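Source: prediction; values computed, not measured.
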Amino acid sequence: MKIKVFSSTLSCIVKCIRFVLVMINKKIILGLFIVSFLGACASPTAMLGPAYTLTSSGNVIQAGLSYGSNEMITMYTGKTPLENLQEISSIEQSKTKNIHKKTLQSEDFYILVKQNVEKTNKILKSSNQ
């Protein structure tokens, strides 16, 4: 007498579930393996811009030009484009702070304020009489 358990519907479902679980595990292991070996090939931030450009516009040439220009800027200046922008903005902020400080401490500003205070005092004295 043969047992028909292996040919039942439940047996087929169990086999499918087992197959799917094995395949998912293999994909996860393969993905981790690839990421671990290719993680240091290029800086991750250098690929974010072109990857976004490629996915949003679908234009491979534009993404390639974006990546190429980032690499050229990095080779020429030794810094990434983001580092260059941060440096430029910090220089501009320090210049504006120094301009305000220099203006407030200048002799011309002192004379201007003194003259305005004297004019205001004259106006107030004349209005009180």
Side-chain angles (χ1 to χ4, degrees):
M1 181 172 190
K2 290 187 177 181
I3 301 176
K4 295 191 176 191
V5 174
F6 293 112
S7 64
S8 69
T9 306
L10 184 61
S11 173
C12 183
I13 292 173
V14 170
K15 286 179 184 178
C16 287
I17 292 173
R18 189 177 308 134
F19 177 76
V20 168
L21 291 176
V22 168
M23 290 307 294
I24 289 173
N25 287 337
K26 284 183 181 179
K27 286 181 182 179
I28 290 173
I29 292 170
L30 180 65
L32 291 174
F33 182 75
I34 289 173
V35 168
S36 67
F37 276 105
L38 298 178
C41 286
S43 63
T45 56
M47 292 299 290
L48 286 179
Y52 177 74
T53 303
L54 180 64
T55 56
S56 64
S57 69
N59 192 346
V60 176
I61 295 172
Q62 187 177 2
L65 287 173
S66 174
Y67 178 72
S69 64
N70 286 344
E71 288 298 312
M72 285 180 60
I73 290 171
T74 303
M75 285 175 37
Y76 183 73
T77 62
K79 298 177 187 172
T80 63
L82 184 61
E83 290 172 345
N84 286 324
L85 289 174
Q86 288 174 342
E87 181 181 346
I88 290 169
S89 66
S90 68
I91 290 171
E92 289 180 4
Q93 285 177 354
S94 66
K95 283 182 182 178
T96 57
K97 287 180 183 176
N98 291 339
I99 289 172
H100 295 303
K101 185 177 180 181
K102 288 178 183 176
T103 303
L104 291 174
Q105 292 178 348
S106 70
E107 186 67 28
D108 294 333
F109 183 73
Y110 175 75
I111 293 170
L112 180 68
V113 170
K114 187 175 179 181
Q115 288 174 352
N116 284 337
V117 168
E118 289 173 357
K119 285 180 186 178
T120 307
N121 281 339
K122 286 180 184 178
I123 293 171
L124 289 174
K125 284 180 183 179
S126 67
S127 67
N128 286 338
Q129 293 178 357

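To the nearest 0.5 angstrom, Asn116 atom CG is 11.0 Å from Asn121 atom CG. To the nearest 0.5 Å, the span separating CG on Leu85 from NZ on Lys79 amounts to 11.5 Å. In this structure, CD1 on Ile123 lies 8.5 Å from NZ on Lys119, to the nearest 0.5 angstrom. Taking CG from Leu112 and NZ from Lys114, the interatomic distance works out to 12.5 Å, rounded to the nearest 0.5 Å. Considering CG of Leu21 and CZ of Arg18, their distance stands at 9.5 Å, rounded to 0.5 Å. The structure places CD1 of Ile73 at 7.0 Å from CG of Asn84, a figure rounded to the nearest 0.5 Å.
Applying the side chain to side chain contact (heavy atoms under 4.5 Å, CB included) rule to Lys125 yields no partners; only residues at least two apart in sequence or on another chain are considered. Ser106 meets the side chain to side chain donor-acceptor pair (under 3.5 Å) test with no other residue; sequence neighbours excluded.
Val20 and Ile28 fall within a single hydrophobic cluster, where Ile, Leu, Val, Met, Phe, Trp and Tyr side chains are chained together by heavy-atom contacts under 4.5 Å.
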